[in-house]
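Numbered from 1 within each chain, the chains take letters A, B, ... in sequence-line order. Only a predicted model underlies this, so the values are computations on that prediction, with no experimental measurement involved.
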Amino acid sequence: MTYKPKSEFLHEMQTRGFLSDCTDLEGLDEALLNGVVPAYIGFDATADSLHVGSLIQIMMLRWLQKTGHKPITLMGGGTTKIGDPSGKDESRQLLTAEKINENIAGIRKVFDKYLTFGEGPTDAVQPNNAEWLDNLNYIDFLRDYGRHFTINRMLTFDSVKLRLEREQPLTFLEFNYMLLQAYDYMELNKRFGCLLQMGGSDQWGNIVNGIDLTRRINRQTVFGLTTPLLTKSDGSKMGKSASGAIWLNEDKLSAYEFWQFWRNTSDADTGKFLKLFTELPVAECERLGALEGAEINAAKIILANEVTTLAHGAEAAKAAEATAREVFEKGGVGDDLPTVTLAASDLSDAGISVVQLFVKAGLVKSGKEAKRLIAEGGAKLDDVAVKDAGTMVSGEAIAATIKLSAGKKRHALVKIEG
RNA sequence: GGGGGGGUGGCAGAGUGGUCAAAUGCAACGGACUGUAACUCCGUCCGGGAAACCGUACACUGGUUCGAAUCCAGUCCCCCCCA
């Protein structure tokens, strides 16, 4: 890719490392220079929030809007009923329509932080493909669209090929996923004049199908663009951490824990993440990412602050940083730590056992694990190591709010209701 | 429809009558080291119990046996080959 894009959007995307492949970079560049380009990214409605794994797509839409174009966040209300076979070995569990709608509502909350929705020319819109997929007539669909796809070609796509090569089953239901996604693109082109579909590089096949179908049915030339599959420097997938997925919704993951995730970025990833997930100038990102030794910690704090500000607001970012400072540098108690409130009924006259306390605080999954933690010396109560798993904690101690620590990094506050 | 192979812990994958809560690797967690990084090293890693120990578990249901993840029968599911 030696072409130097002239449009602000592509220029930004290229220098920040968002681009993996494009069907026609030059043509797309021209379209972007000629006016508002509506572009879409599809999102599954399999969970009630999005996590860091989707953040690269979200940031891309944000840049798109910022540079004068129209983001379309397509909700896969219809396709989620099928499940995208890409990158999965096993068939996905089917969700009910109600659950899917709940999920869409949750996801919208995330987008509201990053995009401006509305009726204006560059305002974002959020259609749901159930609107058109739910009422498709099977025979009509086969006749009108099915004839544009050959099995020969479909078998060459990675999403299908990999499944077959690994001798994993691929149901006919899932096999149809790509037809429906292609149909989505065509439909969005009709409804919104959508000219670009973006997505992760695993979506390449699906995107190309949509482009072909749109050309055949609508006689429109449209474009496709993919982002690199994001992995951390250790090769692991982005978005998962010790305690599970890094959710973008605050009710699924506290701002403090979110901040911590970014603060713990490895050295090698810092510069890359700054470019992808913050809006700091590229030169600044590169300068920060090149810092060495302990100095790079400053860059990580900036990264955490910037990303948290986008996701949860400046206030939350500041509070998270202050708490981190308190907890890590002074060994104190930050008031922004995840807090667990116990009901008075959780306590007996003698109080509650430390083991139960750790379980209730969500720092460990079972009492067994809590005991292990204690035996290993990783469990602390107000920074004092717990030696005996039989220790009871009195109600008075908790009433005053108590700090639990599991290891050096995971902390929680516990207090009593009322 | 016929023939063959297989279903084991979060995943991968050993184990083919007692010594199996089940090798090994990955992931995860705690500790040491450090910079809240990486690397390395040590430890832990089904549930309950302070512990001795107990309970559940090797697809499901029954059976054989003093004793089963391991043998037998049936059921469900998966894969391969042939038609």
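The A/Ser266 side chain lies nearest to B/A38 when the options are B/G30, B/U44, B/A38. Closest approach to the A/Ala389 side chain among B/A50, B/U36, B/C45 is made by B/A50 (side chain taken as heavy atoms from C-beta onward). Side-chain proximity of A/Gln260 to the nucleotides B/U36, B/G47, B/A50 is greatest for B/U36. Closest contact between the side chain of A/Lys300 and the listed nucleotides B/A37, B/A50, B/U36 involves B/A37. Candidate nucleotides B/A37, B/U36, B/G30 were compared by shortest atom distance to the side chain of A/Arg263, and B/U36 ranks first. The side chain of A/Lys371 lies closest to B/G49 when the candidates are B/G35, B/G49, B/G30. Here the side chain of A/Asn297 is nearest to one of B/G35, B/A50, B/A37, namely B/G35.
Nucleotides B/G67 and B/A50 have their P atoms positioned 33 Å apart, rounded to a whole Å. Distance noted for atom P between B/C60 and B/C11: 15 Å (whole Å). B/G13 and B/U34 are spaced 40 Å apart, taking the P atom of each and rounding to whole Å. The same atom, P, is picked in B/G47 and in B/A57; the two are 15 Å apart, to the nearest Å. Across B/A22 and B/C58, the matching C1' atoms stand 8 Å from one another, rounded to whole Å. Atom name C1', nucleotides B/A23 and B/U70: the rounded distance is 16 Å, in whole Å. For the C1' atoms, the distance from B/G1 to B/G10 is 39 Å, rounded to whole Å. Nucleotides B/C45 and B/G9 are separated by 10 Å at their C1' atoms, to the nearest Å.
Look at B/C71: its Watson-Crick or wobble partner, with both distances under 3.5 angstrom, is B/G63. Under the Watson-Crick or G-U wobble criterion, with both distances below 3.5 Å, B/A28 is paired with B/U44. Checking B/U34 for Watson-Crick or G-U wobble geometry (two distances, each under 3.5 Å) identifies no partner in any strand. The partner of B/C58 is absent, by the rule that a Watson-Crick or G-U pair needs both atom distances under 3.5 Å.
When heavy atoms are screened at a 4.0 angstrom cut-off, A/Thr270 is found touching no nucleic acid atom at all. Among the protein residues, A/Ala324 comes within range of the nucleic acid bases, having at least one heavy atom under 4.0 Å from a base atom. Contact annotation for A/Gly390: no contact, since no heavy-atom pair falls under 4.0 Å across all strands.
With hydrogens and angles left out, the side chain of A/Glu376 and the base of B/G43 share a donor-acceptor pair within 3.5 Å. Taking 3.5 Å as the limit, the base of B/U34 and the side chain of A/Lys408 contain a donor-acceptor pair of atoms between them. Residue A/Lys368 places a side-chain atom within donor-acceptor reach of the base of B/G49, judged by atom type and a 3.5 Å distance cut-off alone.
Within a 6.0 Å radius of NE2 in A/His11, other residues, nucleotides and ligands contribute 12 heavy atoms or fewer.
Rounded to a whole Å, the CD atom of A/Gln356 is 10 Å from the P atom of B/A50. With rounding to whole Å, A/Phe328 atom CZ is found 5 Å from B/U36 atom C1'. Separating the CG atom of A/Leu291 from the C1' atom of B/A37 is a distance of 13 Å, rounded to the nearest angstrom. When the C1' atom of B/G47 is taken as reference, atom CZ of A/Phe358 falls 20 Å away, rounded to whole Å. Atom CG in A/Asp267 sits roughly 8 Å away from atom P in B/A38 (whole-Å rounding). If you measure from atom CD1 of A/Ile374 to atom P of B/U44, you get 17 Å, rounded to the nearest angstrom. Atom P of nucleotide B/G31 and atom CD of A/Glu369 are separated by 14 Å, given to the nearest angstrom. The distance between atom NZ of A/Lys365 and atom P of B/C29, rounded to the nearest whole Å, is 9 Å.
Partners of A/Ser254 according to the side chain to side chain contact (heavy atoms under 4.5 Å, CB included) rule, which considers only residues two or more places apart in sequence or in another chain, are A/Tyr256, A/Glu257, A/Pro338. For A/Asp48, the side chain to side chain contact (heavy atoms under 4.5 Å, CB included) criterion is met by A/Asn103, A/Lys252, not counting sequence neighbours.
In terms of phosphate contacts, A/Arg325 brings no side-chain nitrogen or oxygen within less than 4.0 Å of OP1 or OP2 of B/U36. Proximity of A/Arg410 to the phosphate of B/A28: no side-chain N or O atom is located under 4.0 Å from OP1 or OP2. For B/A37, one of the phosphate oxygens OP1 or OP2 lies less than 4.0 angstrom from a side-chain nitrogen or oxygen of A/Lys409. Residue A/Ser366 places at least one side-chain N or O closer than 4.0 Å to OP1 or OP2 of B/G47.
When A/Asn206, A/Asn129, A/Asn189 are each tested for a side chain to side chain donor-acceptor pair (under 3.5 Å) with A/Asp184, only one passes: A/Asn129. Each of A/Tyr114, A/Phe258, A/Trp247 was scored for a ring-ring contact (aromatic ring centres under 6.0 Å, His included) with A/His312, with one residue passing: A/Phe258.
Nearest-nucleotide positions on RNA chain B for A/Gly367 and A/Glu329 put A/Glu329 closer to the 5' end. Looking at which nucleotide of RNA chain B each of A/Gly378 and A/Tyr256 is closest to, the 5′-most match is held by A/Gly378.
At least one test fails for A/Arg143 against the ring of A/Tyr138: distance under 6.0 Å to the centre or angle within 45° of the axis.
Between the side chain of A/Tyr145 and the backbone N or O of A/Ile217 there is no donor-acceptor pair closer than 3.5 Å.
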Starting from the C-alpha separation in whole Å, work towards a yes-or-no answer on side chain to side chain contact (heavy atoms under 4.5 Å, CB included) for A/Leu74 and A/Ile41. CA-CA 6 Å; A/Leu74 177 69; A/Ile41 298 182; over 6 Å; no
